[in-house]
Amino acid sequence: MSSMKKKLYIETLGCAMNVRDSEHIIAELSNKKDYELTQNLEDADLILINTCSVREKPVAKLFSEIGVFQKRGKKGAKIGVTGCTASHLGEEIIKRVPAVDFVLGARNVSKISEVVDKKHAVEISTEHDETLYEFTDYRSNPYKALVNISIGCDKQCTFCIVPATRGEEISIPSDLIIQEIRRAVEGGAKEVMLLGQNVNNYAKRFTAGSDKASSFTDLLRLVSEVEGLERIRFASPHPLHMDDEFLQEFATNPKICPQIHVPLQSGSTNLLKRMKRGYTKEWFLNRCQKIRQMVPNVVISTDIIVGFPGESEEDFEDTIDVLKKVKFEQLFSFKYSPRPHTQAAEYSNQVPSEVASRRLIELQSIHKEIQEQSMQSQVGKRVSVYFEELKSGNKVAGRTDNGRLVLVDGSEELLGKIVDVDIDRASLTTLFGKVVRQ
Ligand code: SAH
Ligand code: F3S
């Protein structure tokens with residue numbers, strides 16, 4: 001029997017925070033507005049695109065996607081734009097494409113059921129406070145739960161548009177966080193990923209005064225007390241706030257996974273200053289060396305921007321130097337993209353695009369060797385894998401505690417289980433192996 005519910009199609013661009021916002025939107029619309037999710041654009045009564053604005057490329061993608069929606073979507077289907085580009089372009093989106101029905105900013109997710117039926121509604125206030133809002137529980141993957149711990153960002157990195165789209169940083173009360181994690185664990189999740197733009201700045205400002213947790217380290221301790229929860233990850237911490245107390249907790253709390261994202265941006269102290277990152281090359285190296293000493297099997301990932309205004313060959317050499325010293329197992333690297341509402345976009349010494357492209361290629365090729373070595377070093381090892389997704393050809397995918405992707409032959413009986421695997425082969429991104437029979 002076909003259901004009478006209206007159908008929702010949602011495309012999510014950008015970061016894990018957007019993935020979680022999309023989950024909130026799906027939950028709100030199915031509980032309050034009788035929508036159900038579809039994977040088919042052609043069937044949808046409502047088509048949403050949850051956008052990213054961190055670089056120019058995903059913004060361009062928004063407009064090309066709206067064209068596709070208009071062409072392939074059902075006649076009369078509504079189109080809504082949500083997320084960071086909604087926040088920063090607002091009404092302009094409707095002016096440019098009047099077929100867009102409404103625009104909802106990244107800090108206004110809880111208002112989705114209000115705007116969905118209002119033609120040309122625009123809700124993009126970055127003053128809006130969503131920290132006390134209890135969202136319902138839709139999860140795209142029941143085995144690992146994304147959980148927000150703060151909204152917005154108080155840093156003003158000079159390249160970054162996020163503070164303008166997501167607003168000031170406010171922490172979510174730890175009681176709400178713990179409640180949400182308990183429910184996720186009851187629903188089958190053994191793993192949680194704590195999300196914030198700057199997680200280790202947690203507890204600097206709450207809406208409702210004080211809180212049980214007075215730091216991110218405190219929050220980690222509270223979260224690790226949740227029974228049935230086995231793996232804790234978080235993204236992203238800021239290198240500046242990685243104090244020794246945090247490193248100690250990271251290294252010794254058995255539920256915290258030995259995986260950490262330490263966003264470098266640049267290895268040049270001079271450039272870091274102009275990015276307003278607040279740390280030096282030496283501090284960054286010191287933190288990473290300390291992490292490696294304290295957590296021998298740790299996997300460290302990073303973000304790097306090349307071609308930031310004024311980046312000289314020497315500055316770039318500093319970045320390469322840090323890459324070679326820390327040997328990040330995983331690298332997300334980007335060409336600098338000037339963004340509206342940011343200081344760096346006004347700087348006069350923009351780096352030519354060809355120079356930035358050459359640096360990006362060089363950086364990535366050095367990193368590829370590091371990654372290859374790191375993956376090959378896993379062959380022959382026995383690792384503990386949490387299985388979370390079925391893949392085609394009777395394969396099941398999971399992650400090691402330090403976050404490496406593992407594929408084995410198997411079926412759904414592995415899903416949601418943590419099992420030992422013997423690794424017999426590695427590609428650049430994936431480990432392959434056999435489940436150890438108990
Ligand atoms: N605080 C967030 C950062 C969000 S932006 C976090 O730690 O996850 C994600 C990444 O995009 C940044 O770390 C940075 O490397 C990159 N980025 C941000 N602004 C950029 C810009 N203008 N051009 C190129 N890359 C950018
Ligand atoms: Fe952006 Fe810096 Fe915040 S990168 S999200 S302003 S920590």
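The basis for the numbers below is simple: all heavy atoms, side chains too, and nothing from hydrogens, waters or symmetry mates. Both ligands and their constituent atoms are indexed starting at 1 by order of listing.
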Legend entry - Whether Q265 lies under 4.0 Å from ligand 2, heavy atom: no

Numbering the atoms of ligand 2 from 1, which are under 4.0 Å from a heavy atom of [X]?
| X | result |
| --- | --- |
| C160 | 1 (Fe), 4 (S), 5 (S), 6 (S) |
| C157 | 2 (Fe), 4 (S), 6 (S), 7 (S) |
| V162 | 5 (S) |
| R277 | 2 (Fe), 4 (S) |
| Q197 | 5 (S) |

Tell me: protein heavy atom nearest [atom], and distance?
| atom | result |
| --- | --- |
| atom 19 (N) of ligand 1 | F159 CD1, 3.3 Å |
| atom 15 (O) of ligand 1 | Q265 OE1, 2.7 Å |
| atom 5 (S) of ligand 1 | V54 CG2, 3.5 Å |
| atom 23 (N) of ligand 1 | S337 N, 3.0 Å |

Quick check on contacts: which atoms of ligand 1 are under 4.0 angstrom from a heavy atom of [X]?
| X | value |
| --- | --- |
| I305 | 14 (C), 15 (O), 17 (N), 25 (N), 26 (C) |
| S236 | 6 (C), 7 (O), 8 (O) |
| R55 | 11 (O), 16 (C), 17 (N), 23 (N), 24 (C), 25 (N), 26 (C) |

Between [X] and [Y] (salt bridge meaning N to carboxylate O under 4.0 Å), is one present in this structure?
| X | Y | value |
| --- | --- | --- |
| E23 | R20 | yes |
| E91 | K95 | yes |
| D21 | R166 | yes |
| D244 | K290 | yes |
| D129 | R107 | no |
| R339 | E346 | no |

Legend entry - Which segment of P163 sits under 4.0 Å of ligand 2 when only heavy atoms are counted: side chain

Inset, instruction - Give the contacting part of R166 toward ligand 2: side chain, backbone, both or neither, where contact means a heavy-atom distance below 4.0 Å. - result: neither

Legend entry - Candidate with minimal heavy-atom separation from atom 9 (C) of ligand 1, of D303, V306, T302, I161: D303

Inset, instruction - Let me know which of Y336, F316, F334 forms a ring-ring contact (aromatic ring centres under 6.0 Å, His included) with F308. - result: Y336

Inset, instruction - Determine, using ring centers only, whether F332 and F328 are less than 6.0 Å apart. - result: no

Rounded to the nearest 0.5 Å, what's the gap from [atom1] on [X] to [atom2] on [Y]? Could you check?
| X | Y | atom1 | atom2 | result |
| --- | --- | --- | --- | --- |
| M275 | N270 | CE | CG | 10.0 Å |
| K190 | L229 | NZ | CG | 10.5 Å |
| I232 | E249 | CD1 | CD | 8.5 Å |

Under 3.5 Å: N/O of [X] near N/O of ligand 1:
| X | result |
| --- | --- |
| P263 | no |
| N198 | no |
| Q197 | yes |

Legend entry - Derivation of the ring pair (Phe, Tyr, Trp, His ring centres under 6.0 Å) call for F234 and H261: CA-CA 8 Å; F234 48 85; H261 186 69; over 10 Å; no

Inset, instruction - Could you establish whether K335 and ligand 1 come within less than 4.0 Å of each other, counting only heavy atoms on the residue side? - result: yes

Legend entry - Contact check: C153 to atom 3 (Fe) of ligand 2, N/O/S below 2.8 Å: yes

Inset, instruction - Step through the shown structure and confirm whether more than 12 heavy atoms of other residues, nucleotides or ligands are within 6.0 Å of NZ on K327. - result: no

